[in-house]
Amino acid sequence: GSRETESSWVEKDEIEKCCSWIVWCPSTRSSHFRGIKRDLIRRRVYYISDWLEGWNAKTLASTFFMFFTSIAPAVTFAELLEGETDSIGVVEVCLS
């Protein structure tokens with residue numbers, strides 16, 4: 001008897017603690033993208049630190065590496081395409 005009541009109160013308290021942020025969210029009714037809005041509101045204090053702490057020399061080097069390894073085949077393909085079509089060149093491929 002008392003154990004069942006006690007355990008149900010614990011679970012109810014845990015649920016209220018976990019879901020308390022839903023109460024203050026302005027878009028809890030029916031609106032589009034309400035989950036994204038709630039997440040943005042809940043995590044907005046962390047976004048600035050996430051961006052500032054994420055930038056370092058290793059991140060910058062990895063970004064440049066990925067960019068240039070992705071763009072090199074596109075430029076090569078565009079140069080061959082321009083030779084065949086005389087209208088679609090490197091600029092058009094890079095912009096697309």
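Everything quoted here is computed from the prediction, not taken from an experiment. As a basis for the values below, the full set of heavy atoms in this structure was taken, side chains included, without hydrogen atoms, waters or symmetry mates.
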May I ask you to check whether over 12 heavy atoms, not counting those of I48, lie within 6.0 Å of atom CD1?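 Not more than 12 within 6.0 Å, no.
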Is Y47 atom OH crowded by more than 12 heavy atoms from other residues, nucleotides or ligands, each under 6.0 Å away?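 Yes, enclosed.
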I'd like to know if [Y] and [X] are part of one continuous hydrophobic network [Ile/Leu/Val/Met/Phe/Trp/Tyr, side-chain heavy atoms within less than 4.5 Å].
| X | Y | answer |
| --- | --- | --- |
| V75 | F67 | yes |
| L60 | F68 | yes |
| I71 | L80 | no |

Taking atom CD1 of I41 and atom CD1 of I36, what is their separation to the nearest 0.5 Å?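 Nearest 0.5 Å value for the CD1-CD1 distance: 12.0 Å.
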Would you confirm whether T59, through its side chain, and W55, through its main-chain N or O, come within 3.5 Å as a donor-acceptor pair?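 Absent.
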Show me, pair by pair, the donor-acceptor contacts under 3.5 angstrom made by side chains of residues 82-90, not counting sequence neighbours?
unit_1	atom_1	unit_2	atom_2	d
T85	OG1	L81	O	2.9
T85	OG1	S87	N	3.4
T85	OG1	I88	N	3.3

Smallest separation among heavy atoms of V93 and A74, with atom names: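 Minimum heavy-atom contact is CG1-O, 3.9 Å.
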